[in-house]
Amino acid sequence: MNPRVPRVKVGATALLTVVAMGASALTGVPARAVPDASAFAPPGAEARERAVSGVARVLAERAGELRVGRGDAFAPPVVASGVRGLQYLLYRRTHNGLPVYGGDVIASTDSDGTVVHTVTTGQQSSLEGVATTPVIDAARAAAVAESQVRASREVGSPSLVVHATTTRPRLAWEVAVTGGTEQAPEALRVFVDARDATVIDTYDQVRYGTGNSFYNGNPVTIQTTGSGSTYVMRDPSRPGLACGGQNGSPYSKSVDTWGNGLGTNLETACVDVLFAAQKEWDMLRTWLGRNGLDGAGHSFPARVGLNTVNAYWDGSATFFGHNPANTRQLTSLDLVGHEYGHAVFQYSGSNGGNAAEALSLDESAGDILGTATEHYVNHAPPLDPPNYLVGEDLDIGPSGVRNMYNPALQGEPNCYTPGSSSPGPQDHWFYLLAEGTSPPNNPPSPVCYGPSPLTGIGIRKATEIFYSGLQYKTAPWTYAKARIATLRAAKALYPKSCAEFNATRAAWSAISVPAQRGEPIC
């Protein structure tokens, strides 16, 4: 189907109505208007100035606790606005002019700019005495880093940093290396000891997901750039968001109607990607007060047509392949939300590290934010209504690839165990927090430990608490830290109520993440 659709001009851009579903789908629902940018009002300049000055006093007063020593300095903060007037200030540390990996400080403030909480990353000791002159040169460091990747494609320029997440801080070369295969791409950050060329640490920025083409109605409305006889699948109001093929260039054409509604059509796949990514941006702004995928007003490009059963985020873009039968692209609403959810995870708080628990929490973050996007859009039948299954429209089984109310049904653990590498436990925690154990309109959910039943607080509040806790992310990110961070978030978000705090705590306990030393109380 390829109906002619009238153009709606907005300045030099066009708001386009496109075909996103095939003949197997039924008639769509009316398109929703894109929310006006004024719907999100960040804290005023005075509140931001009070936040910055208040945190500066805390940094000075708590220098010993935060391990601030001679030669240390902090760059001006990266400020992320949160829900209910909260602000999160990320301070990047330097030592004798070199960036410190694992030395950041994160502070949160309330709507008045008053400091609520301050945390530091995994730095174990003072950095005084750390050498700042390398013994090995950048070329050798690059060669060592390149050896860590299969079939390397590109090696970035090494840069000197102080690596501070281990017991003994060390001078290191940080090198970005990409490579791997189409089925298993790699985008590594490698830290090479600048004195003896050993590999201190690595982390892979590629994050995986699974899904298929999700038909969002006929027609749907997306934003693209257009003028005269040239139209491009590039969002004019969400900088960085664009969609095209594997060569990296966004699709363009002389007419403003996109896609033919077939699951094998890559232009249609980009329709689904832009629709979902734009809705996720709107959800982040409306529900969470976040300005863009990176928190600073930017999104990231997408590439469709990956010739494999795969979809992933590589630290700077999303990539989407096809389902096993090669009849649909992996661009469902929740899957696209999942992949861009990795970007939100990456650009929240400090670096989370590359340990098993950090990776599982990252993967779960994609599930949670993809599910939140699906609930925000809130399709009505005959389209697929929101639920807590991920990728349920894949034709590889009736229930998709992940189940949040009972992860064990899809082969994932329901319960946390130390060193967990599965997203299942946090997915389960989120469902219990949002819906409880016996919700009236959703499936029942078991508990691993403690009393039952549990009463949920609703998906929007649960998303607020999850997201706000994520702003405290430090390396290494663990389930124990996530529990403490979300309890702090619940207390800050709802200072006059203990219901949300108690539900957050009960949900963590229910998946066997125990109480932690020093966690807040309500």
Side-chain angles (χ1 to χ4, degrees), residues 16 18 20 149 151-154 156 176-188 204-214 216 222-225 231-236 238-253 258-260 262-281 292-294 298-324 326-347 366 369-370 373 391:
L16 306 183
V18 298
V149 175
S152 66
R153 289 192 303 273
E154 183 176 355
V177 189
T178 60
T181 65
E182 193 172 62
Q183 289 73 29
E186 294 179 278
L188 294 187
D204 192 348
Q205 296 184 108
V206 173
R207 298 293 180 261
Y208 293 93
T210 311
N212 70 347
S213 179
F214 185 92
N216 293 292
I222 60 173
Q223 282 189 296
T224 64
T225 300
Y231 297 88
V232 183
M233 298 193 93
R234 178 184 291 115
D235 192 310
R238 300 169 180 85
L241 179 58
C243 189
Q246 291 296 296
N247 65 1
S249 298
Y251 289 138
S252 62
K253 61 195 305 185
W258 302 89
N260 62 8
L262 298 179
T264 56
N265 180 261
L266 298 184
E267 199 175 278
T268 299
C270 272
V271 170
D272 289 335
V273 169
L274 288 182
F275 177 87
Q278 289 167 357
K279 293 302 184 183
E280 184 164 22
W281 174 296
L293 274 292
D294 69 347
H298 300 91
S299 186
F300 303 93
R303 300 180 185 181
V304 300
L306 188 68
N307 190 26
T308 185
V309 183
N310 198 3
Y312 63 89
W313 158 258
D314 77 344
S316 59
T318 56
F319 296 76
F320 300 94
H322 55 74
N323 69 344
N326 200 8
T327 57
R328 299 178 182 181
Q329 305 306 301
L330 305 184
T331 51
S332 62
L333 180 59
D334 54 2
L335 190 281
V336 175
H338 172 106
E339 297 307 338
Y340 278 107
H342 288 309
V344 176
F345 183 92
Q346 179 174 323
Y347 285 88
L369 293 172
T373 301

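Here the structure is a predicted model, which means the values were calculated and not measured.
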J.: V273 and A302: which non-hydrogen atoms are nearest, and at how many Å?
T.: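 Taking every non-hydrogen atom into account, CG1-CB, 3.6 Å.
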J.: What are the two closest heavy atoms between G179 and V149, and how far apart are they?
T.: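 In terms of heavy atoms, the two residues are closest at CA-CG1, 3.5 Å.
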J.: Determine whether L335 and F320 make a side-chain contact, defined as any pair of heavy atoms from C-beta on separated by less than 4.5 Å.
T.: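 Answer yes - side chains close enough.
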J.: Measure the acute angle between the ring planes of W313 and Y340, then classify it against the limits of 30° and 60° as parallel, tilted or perpendicular.
T.: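 Ring orientation, 0 to 90° scale: tilted.
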J.: How far apart are the closest heavy atoms of G391 and D334, and which atoms are they?
T.: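 Distance-wise, the nearest heavy atoms are N-OD2, 2.9 Å.
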J.: Check the pair L333 / T373 against side chain to side chain contact (heavy atoms under 4.5 Å, CB included), numbers first and verdict last.
T.: CA-CA 8 Å; L333 180 59; T373 301; 4.2 Å; yes
J.: Atom CD of E339 and atom CG of L369: how far apart are they, to the nearest 0.5 Å?
T.: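 Separation between the atoms: 12.0 Å.
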J.: To the closest 0.5 Å, what do you measure between CG (L266) and OG1 (T331)?
T.: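 Atom-to-atom, L266:CG and T331:OG1 are 9.5 Å apart.
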J.: Which value, rounded to the nearest 0.5 Å, describes the distance between T318 atom OG1 and L330 atom CG?
T.: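 Result: 12.0 Å between the selected atoms.
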J.: Tell me yes or no: between the side chains of Q329 and D272, is some donor less than 3.5 Å from an acceptor?
T.: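 Side-chain D/A pair, Q329 to D272: absent.
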J.: Could you walk me through whether L293 and Y347 pass the side chain to side chain contact (heavy atoms under 4.5 Å, CB included) check?
T.: CA-CA 8 Å; L293 274 292; Y347 285 88; over 6 Å; no
J.: Does some side-chain heavy atom of F319 sit less than 4.5 Å from a side-chain heavy atom of D314?
T.: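 Touching, per the 4.5 Å side-chain cut-off.
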J.: Find the distance between CZ (F300) and CG (L241) and round it off to the nearest 0.5 Å.
T.: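 That separation rounds to 10.5 Å.
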J.: Between V304 and C270, what is the shortest heavy-atom contact and its length?
T.: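 Looking at all heavy atoms of both residues, the closest pair is CG2-SG, 3.8 Å.
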J.: If you round to the nearest 0.5 Å, how far is CZ of R303 from OG of S249?
T.: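 Atom-to-atom, S249:OG and R303:CZ are 8.5 Å apart.
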J.: By side chain to side chain donor-acceptor pair (under 3.5 Å), which residues pair with T264, not counting sequence neighbours?
T.: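 Partners of T264 under the side chain to side chain donor-acceptor pair (under 3.5 Å) test: none.
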J.: Can any side-chain N or O of T225 pair as donor or acceptor with the backbone N or O of V232 at less than 3.5 Å?
T.: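 Not a single qualifying donor-acceptor pair exists.
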J.: Starting at CG of D294, measure out to CD of Q346 and round the result to the nearest 0.5 Å.
T.: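 Atom-to-atom, D294:CG and Q346:CD are 10.0 Å apart.
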J.: Answer yes if the ring centres of Y251 and W258 are under 6.0 angstrom apart, and no otherwise.
T.: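 Between W258 and Y251, which both carry aromatic rings, the centre distance is not below 6.0 Å.
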J.: If we only count heavy atoms from C-beta on, is the M233 to I222 side-chain gap below 4.5 Å?
T.: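 A side-chain contact under 4.5 Å exists here.
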J.: I'd like to know whether CZ of R234 has more than 12 heavy-atom contacts from other residues, nucleotides or ligands below 6.0 angstrom.
T.: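 Not more than 12 within 6.0 Å, no.
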J.: Where do W281 and P239 come nearest, in terms of heavy atoms and distance?
T.: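 Where W281 meets P239 most closely, the heavy atoms are CH2-CD, 4.1 Å.
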J.: Is a side-chain N or O of E154 found less than 3.5 angstrom from the main chain of V177, in a donor-acceptor match?
T.: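 Checked: no pair found.
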